[in-house]
There are 2 protein chains.
Amino acid sequence: MRARALVKDLSALPAGPVTVGGWVEKLRDQKRIQFIIVRDETGDVQVTYPRPVVDDQPVEDDALAEKVSTLTSGSFVWITGRLVHDERVKLGGLEIQLDDVEIVTMADPETPIADDTSIDKRMDWRFLDIRRPEMNLVFRIQSTIEHAWRQYWAENDFVEIHSPKLMASASESNAELFKLEYFETHAYLAQSPQFYKQMAMMSGLGKIFEIGPVFRADPSFTSRHATEFVSVDIEVSWIESHEDVMAIQEQLLHRAISAVKEKHGEEIQKHFGIEVKVPSIPFPRVPLLEAIEIIKERGHTVERGGDLDPEGERQIAAWAEEKYGHEFVFVTDYPIGVRPFYHMRHEDNPQLTKSYDLIWRGTEITTGAQREHRLDVLIEQVKQKGLEPEGLKTYLDFFKYGAPSHGGFGMGLLRVLMLLLHQPNIREVGFLFRGPNRLEP
Amino acid sequence: MRARALVKDLSALPAGPVTVGGWVEKLRDQKRIQFIIVRDETGDVQVTYPRPVVDDQPVEDDALAEKVSTLTSGSFVWITGRLVHDERVKLGGLEIQLDDVEIVTMADPETPIADDTSIDKRMDWRFLDIRRPEMNLVFRIQSTIEHAWRQYWAENDFVEIHSPKLMASASESNAELFKLEYFETHAYLAQSPQFYKQMAMMSGLGKIFEIGPVFRADPSFTSRHATEFVSVDIEVSWIESHEDVMAIQEQLLHRAISAVKEKHGEEIQKHFGIEVKVPSIPFPRVPLLEAIEIIKERGHTVERGGDLDPEGERQIAAWAEEKYGHEFVFVTDYPIGVRPFYHMRHEDNPQLTKSYDLIWRGTEITTGAQREHRLDVLIEQVKQKGLEPEGLKTYLDFFKYGAPSHGGFGMGLLRVLMLLLHQPNIREVGFLFRGPNRLEP
């Protein structure tokens with residue numbers, strides 16, 4: 001591999017010969033001097049080529065100047081030259097004086113998108129969109145978040161699983177299910193790893209995590225839904241209530257946001273104008289029924305017995321911010337009517353589940369719960385939901401040969417990123433969006 | 001969460017009160033003393049209950065003894081008692097003298113599988129199968145491998161991506177493609193992240209990795225194929241040849257196997273009877289055409305111009321073992337006929353690609369290559385393969401606006417695990433197998 005200096009490292013290098021690889025961000029092709037702004041995955045640098053002069057006039061047939069003139073925006077190049085530290089240069093106080101440019105590939109000059117292009121068109125050309133430094137940063141932040149979580153899991157003896165995405169039947173509900181031809185039969189795409197992460201508990205794995213894709217045939221077009229998204233899942237045995245799950249989740253978020261602040265805080269300030277705020281632990285908690293009363297007092301009525309609507313989520317978040325100065329709030333103890341059959345119910349109030357949603361600045365990012373692990377109780381709950389135990393045989397079989405108490409959560413990776421960076425839409429922070437009208441690129 | 005001692009930590013604890021959570025592995029219900037072998041995710045421990053005696057006879061109606069008698073194999077229990085270190089106890093030199101047992105859930109006594117059950121039946125009840133300590137270990141080893149790789153990637157500024165698994169068209173070939181209904185149209189499941197990881201290079205992300213599922217509608221029933229499997233992928237910009245990719249891959253394998261040996265070497269010796277062997281770097285390399293000659297000299301003929309067949313892979317691995325004492329061998333420079341259109345060709349021999357397979361103890365675990373990044377050359381190669389550039393428009397568009405040189409590999413996670421542990425079949429080391437006849441559990 002050719003020795004290549006990253007732009008971010010140039011300021012620490014001594015003046016002298018240097019090679020960078022990147023793409024042409026801008027070319028200013030003046031009569032006496034040529035400026036190329038070259039961008040790589042770490043930043044922008046100014047490359048200058050003063051044309052050779054004879055009798056105070058630029059030489060007409062200078063091969064290098066001619067080569068520079070042909071460069072189109074986006075073209076990938078190797079730049080060799082001499083690094084010069086010069087405080088007068090606005091861009092990082094340094095420049096590269098050009099000795100040679102090697103054109104790796106030339107870009108078509110007709111660029112299909114610009115800074116003001118609509119989001120849908122930008123999604124068509126997402127690879128060009130991601131060349132923007134702030135987008136490039138998004139993916140580095142995502143990497144940092146995931147790595148922080150995995151460090152936590154490794155330190156705490158969690159086992160990584162890869163659960164199958166092809167299933168013989170639904171894992172959540174029969175709605176929003178993608179169906180495919182599978183040899184002589186049909187298969188469905190996993191809507192969540194729910195059943196399998198519970199299976200891992202009955203496998204005796206203790207504590208597991210998975211970061212992987214899930215699929216929902218959801219025809220909605222909101223800013224926070226996609227037909228395919230990355231779900232961050234954990235499941236833990238031997239818990240006593242959903243409180244144990246919440247305690248892990250707040251540690252994970254605290255850890256990830258701390259890591260992001262430390263590693264990317266300055267860049268986030270620069271590109272997004274945001275001060276990353278590390279949340280204190282514990283996060284505030286409020287039972288749903290109380291939350292509904294609080295929201296009512298704030299002038300918004302949530303349907304009794306129901307889940308929070310988007311305005312309710314915003315109101316309870318505003319309340320947590322005012323009362324605790326906290327951006328996060330756990331809403332707990334949802335009524336059984338709005339929770340799936342497998343959520344455990346409170347011993348002292350069987351109308352309420354041992355479950356929670358986590359809301360960050362008004363948007364739900366997680367559902368978590370203790371699961372019912374007693375087969376007889378579970379079958380009863382299946383029937384009460386009007387479901388047929390026979391249709392859930394594979395799942396219910398997991399509980400026949402002993403089960404520990406357990407619980408976990410599922411969290412949308414892109415919702416975390418969207419909220420962290422105050423973005424209006426998960427599409428802005430995802431690699432490639434998938435929605436009802438979008439399967440490409 | 002209740003304070004819970006892990007079995008692996010008991011030997012370091014002082015004698016005295018202790019609580020463990022696990023499942024009943026065995027019960028020996030004798031007249032004067034009861035023995036329970038309790039297993040958790042870290043090991044087995046002996047729990048003893050000497051029945052209370054009156055006049056040298058066990059008390060008839062002792063509630064605790066009666067509770068112990070009801071325990072079935074597999075039942076999950078909390079054990080409270082007193083830890084005693086006693087060298088005479090074969091199982092780890094310690095036992096827990098029972099004070100109480102709390103039954104979390106009772107197991108159906110009719111266990112559907114035993115140690116000698118066929119693999120297919122064991123897959124039906126995979127969660128019970130995974131309760132075996134050696135299977136439990138497999139998933140801890142997998143976690144260690146993946147974590148070692150991600151550490152390497154984090155240290156070396158790789159960006160993690162999550163590429164979509166739903167696509168509008170095929171990513172590799174039209175064969176082996178799963179098709180699904182997608183709103184008003186159809187979608188296909190990704191056969192590899194190939195196109196998207198290359199897109200990440202044109203996005204300017206520099207170096208990326210992904211560990212995620214891929215799908216092949218492959219009707220074969222071999223020991224190393226599945227319709228859904230976990231692929232480990234990297235793609236790196238600014239390389240000069242496939243040699244740069246190979247150099248990264250051998251570092252990754254060296255690092256993962258070192259981590260496994262350090263963390264699990266003793267357990268692997270105990271459960272699998274294997275001494276983990278850390279491979280030296282660099283791995284041996286041999287061009288395919290030379291390999292075919294070597295294999296021929298060893299008495300096996302591989303079809304000229306073709307890929308290695310399974311016997312050829314075994315022979316070249318045996319040669320590498322004999323000549324270099326190495327379990328790994330890179331076979332390089334495959335002819336264009338057996339490589340996809342996007343592999344780059346050698347400047348000095350356009351019949352050969354800048355590609356490789358990595359073979360470990362006779363089984364291929366990876367295909368890697370430098371990719372063609374020049375659009376005009378790429379279109380020419382598409383046509384030479386008899387494909388229509390129009391059908392690859394989305395992919396070819398990635399190259400229109402500049403592209404760096406780049407390359408990468410895809411590696412089957414379960415093949416690595418299978419070979420590391422000398423297992424005969426990827427099914428033995430996967431969480432849940434998916435094949436033409438299997439979508440459950």
Side-chain angles (χ1 to χ4, degrees), chain A residues 1-2 4 21 23 41 74-76 104-105 107-108 127-128 130-131 136 139-140 143 146-147 150 154 159-166 168 178-181 183 187 199 202-206 213 228 230 238-240 244 373-374 394 398 400-405 431-432 434 436 439-441, chain B residues 1-2 4 21 23 41 74-76 104-105 107-108 127-128 130-131 136 139-140 143 146-147 150 154 159-166 168 178-181 183 187 199 202-206 213 228 230 238-240 244 373-374 394 398 400-405 431-432 434 436 439-441:
Chain A
M1 229 154 161
R2 200 188 297 197
R4 171 175 172 250
W23 64 95
E41 61 268 38
S75 298
F76 277 74
V104 179
T105 46
D108 187 328
F127 66 100
L128 293 175
I130 295 174
R131 287 190 192 174
N136 203 297
F139 296 100
R140 291 180 193 278
S143 304
E146 294 187 61
H147 197 62
R150 293 200 188 97
V159 171
E160 178 156 12
I161 65 164
H162 298 284
S163 67
K165 308 309 162 199
L166 295 173
F178 284 118
K179 183 179 182 179
L180 61 136
E181 298 152 27
F183 302 100
M199 188 193 105
M202 277 63 97
S203 304
L205 292 177
E228 175 179 352
V230 176
W238 305 106
I239 64 165
E240 288 186 284
D244 293 326
H373 61 281
R374 296 159 299 185
T394 302
F398 296 159
K400 269 177 85 172
Y401 301 99
S405 66
F431 186 60
L432 282 167
R434 289 292 179 258
L439 277 171
E440 288 195 297
Chain B
M1 230 152 158
R2 202 187 295 200
R4 170 174 172 250
W23 65 94
E41 60 269 37
S75 298
F76 276 74
V104 179
T105 44
D108 186 329
F127 66 101
L128 293 174
I130 295 174
R131 287 190 191 174
N136 203 297
F139 296 100
R140 290 177 194 280
S143 305
E146 294 186 63
H147 197 63
R150 293 199 188 99
V159 171
E160 177 156 12
I161 65 164
H162 299 285
S163 67
K165 307 309 161 199
L166 295 173
F178 284 119
K179 183 180 182 179
L180 60 136
E181 298 151 28
F183 302 99
M199 189 194 102
M202 275 65 94
S203 304
L205 291 176
E228 175 180 352
V230 177
W238 304 106
I239 64 166
E240 288 188 283
D244 293 325
H373 61 281
R374 295 159 299 184
T394 302
F398 297 159
K400 269 178 86 173
Y401 301 98
S405 66
F431 186 60
L432 282 167
R434 290 292 179 258
L439 277 171
E440 287 196 301

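In the text below, chain A, chain B and the rest are named by the order of the sequence lines, each starting its count at 1.
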- [ ] Examine whether an atom of B:Leu128 lies under 4.5 Å from a heavy atom of chain A, and if so say whether it belongs to the side chain, the backbone or both; otherwise answer neither.
- [x] side chain

Task: Top contributor to chain A contacts, counting heavy-atom pairs under 4.5 Å, from B:Met1, B:Glu181, B:Glu440 - done: B:Met1

- [ ] Please look at A:Pro213 and chain B and tell me whether the side chain, the backbone, both or neither of the residue comes under 4.5 angstrom of a heavy atom of that chain.
- [x] side chain

- [ ] May I ask you to name which of A:Glu240, A:His162, A:Glu41 has the most heavy-atom pairs under 4.5 Å with chain B?
- [x] A:His162

TODO: Heavy-atom distances under 4.5 Å only: say whether B:Val159 touches chain A with side chain, backbone, both or neither.
DONE: both

Task: Pairs of heavy atoms under 4.5 Å with chain B: top-ranked of A:Gly21, A:Pro404, A:Pro441 - done: A:Pro404

Open item on the list: Taking every non-hydrogen pair under 4.5 Å, which of B:Ile130, B:Thr105, B:Thr394 racks up the most with chain A?
Closed with: B:Thr105

Open item on the list: Heavy-atom pairs under 4.5 Å with chain A - which of B:Met199, B:His373, B:Arg2 has more of them than the others?
Closed with: B:Met199

Open item on the list: side-chain contact (heavy atoms from CB on, under 4.5 Å), that's the test. Do A:Asp244 and A:Trp238 meet it? Break it down for me.
Closed with: CA-CA 9 Å; A:Asp244 293 326; A:Trp238 305 106; over 6 Å; no

- [ ] Classify the ring geometry between B:Phe127 and A:Tyr401 as parallel (under 30°), tilted (30 to 60°) or perpendicular (over 60°).
- [x] tilted

- [ ] Before accepting this row, confirm whether a basic side-chain N of the pair A:Glu228/A:Lys165 lies closer than 4.0 Å to the acidic partner's carboxylate O.
- [x] no

Task: Toward chain A, the part of B:Arg4 with a non-hydrogen atom under 4.5 Å - done: side chain

- [ ] Between chain B and each of A:Ser405, A:Ala403, A:Ser163, count heavy-atom pairs under 4.5 Å; write down the option with the most.
- [x] A:Ala403

Task: chain B contact via A:Trp23 - side chain, backbone, both or neither, heavy atoms under 4.5 Å - done: side chain

Open item on the list: As an exercise: rank A:Arg140, A:Lys179, A:Arg434, A:Arg374 by heavy-atom pairs under 4.5 Å with chain B and give me the winner.
Closed with: A:Arg434

Task: Contact class of B:His147 relative to chain A, heavy atoms under 4.5 angstrom - done: side chain

